[in-house]
Amino acid sequence: AVQAMAQIVRAAEMETAGLCDHADLGGFDPASVFLARTAAVGAMELKAKMILCDTNLGFAARLLASYRCPVPVYACTHTNRVTRELALSFGIYPFCMERGNVLDDMIRAELQHLVDQKRLAPEDMVVIMAATPDRTMGANMLEFNTARSRLCAEAPRAAQQVVTAG
């Protein structure tokens, strides 16, 4: 039965290959919907390795995944409960890290974690979607960059050595 369901899902996914477009996503912040669609389209066009989504409750990651973009969504959550919930969502690869107070520091730590885990190489293009720490709901930041550029940005001189994956 499981194999039959998997075969049906694969067939359905092949029929809807490409970016799914939503007519109505009620309940989501309009800015987050716009950013998620832009992230999905941009990730495909720029051949990004991944979309990194910093999310508190998982809504932004689920919104990104709903577009069925072929680029994987890596969701950094800050509670084990949300990480477990997102693990059940198609196309989302969640991981849990402590939440910081400064968005740049949080993103840098998340990217370094992915490089250390060999899921991302320093030269890979990555799309980053997040919300500033003071925002309670919805994303308000989108960035397209290489991991190396983002990891070295505004870092102290001593830390601007080449970032390696091992």
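Considering only residues two or more places apart in sequence or on other chains, L103 meets the side chain to side chain contact (heavy atoms under 4.5 Å, CB included) condition with M106, I107, A130, T132, P133, M141. In this structure, the salt bridge (Lys or Arg N to Asp or Glu O under 4.0 Å) partners of R81, at least two apart in sequence or on a different chain, are E85. Scanning for side chain to side chain contact (heavy atoms under 4.5 Å, CB included) contacts around E123 gives A121, R148, with sequence neighbours left out. The side-chain hydrogen bond (donor to acceptor under 3.5 Å, both in side chains) check on R119 picks up nothing, with sequence neighbours excluded. Partners of F95 according to the ring pair (Phe, Tyr, Trp, His ring centres under 6.0 Å) rule, which considers only residues two or more places apart in sequence or in another chain, are H113. Every side-chain hydrogen bond (donor to acceptor under 3.5 Å, both in side chains) that S149 has, sequence neighbours left out, goes to T146. Scored by the side-chain hydrogen bond (donor to acceptor under 3.5 Å, both in side chains) test, E143 finds N145, R150 as partners (sequence neighbours excluded).
In this structure, the separation between CZ on F90 and CZ on R68 is 5.0 Å, given to the nearest 0.5 Å. Rounding to the nearest 0.5 Å gives a distance of 12.5 Å between CG of L64 and CZ of R37. Rounding to the nearest 0.5 Å places CG of L111 at 5.5 Å from CG of L52. In this structure, L63 CG and S66 OG are separated by 5.0 Å, a value rounded to the nearest 0.5 Å. Rounding to the nearest 0.5 Å places OH of Y93 at 13.0 Å from CG of L86.
For the pair L35 and A139, the tightest heavy-atom approach, listed with the atom from each and the gap, is CD1-O, 3.6 Å. The two residues Y67 and A36 come nearest to each other via the heavy atoms CE1-CB, 3.9 Å. Here the closest heavy-atom approach between residue I51 and residue A39 is recorded as CD1-O, 4.0 Å. In terms of heavy-atom proximity, A61 sits nearest to I92 at O-CD1, 3.5 Å. The shortest non-hydrogen separation linking A48 to V127 is CB-CG2, 3.9 Å.
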Before giving the answer on side chain to side chain contact (heavy atoms under 4.5 Å, CB included), spell out for L142 and T38 the whole-Å C-alpha distance, their side-chain angles and the decisive distance to 0.1 Å. CA-CA 9 Å; L142 183 63; T38 303; 3.7 Å; yes
Carefully, step by step, assess M50 and L114 under the rule side chain to side chain contact (heavy atoms under 4.5 Å, CB included). CA-CA 10 Å; M50 69 175 59; L114 292 167; 3.5 Å; yes
I'd like a table of donor-acceptor pairs (distance under 3.5 Å, sequence neighbours excluded) in which one partner is a side-chain atom from residues 69-80, with atom names and distances.
from : atom 1 : to  : atom 2 : distance (Å)
T77  : OG1    : T79 : O      : 3.2
T77  : OG1    : T83 : OG1    : 2.3
H78  : ND1    : M97 : O      : 3.0
H78  : NE2    : D54 : OD1    : 3.3
H78  : NE2    : D54 : OD2    : 3.2
H78  : NE2    : R99 : NH1    : 3.2
T79  : OG1    : V82 : N      : 3.3

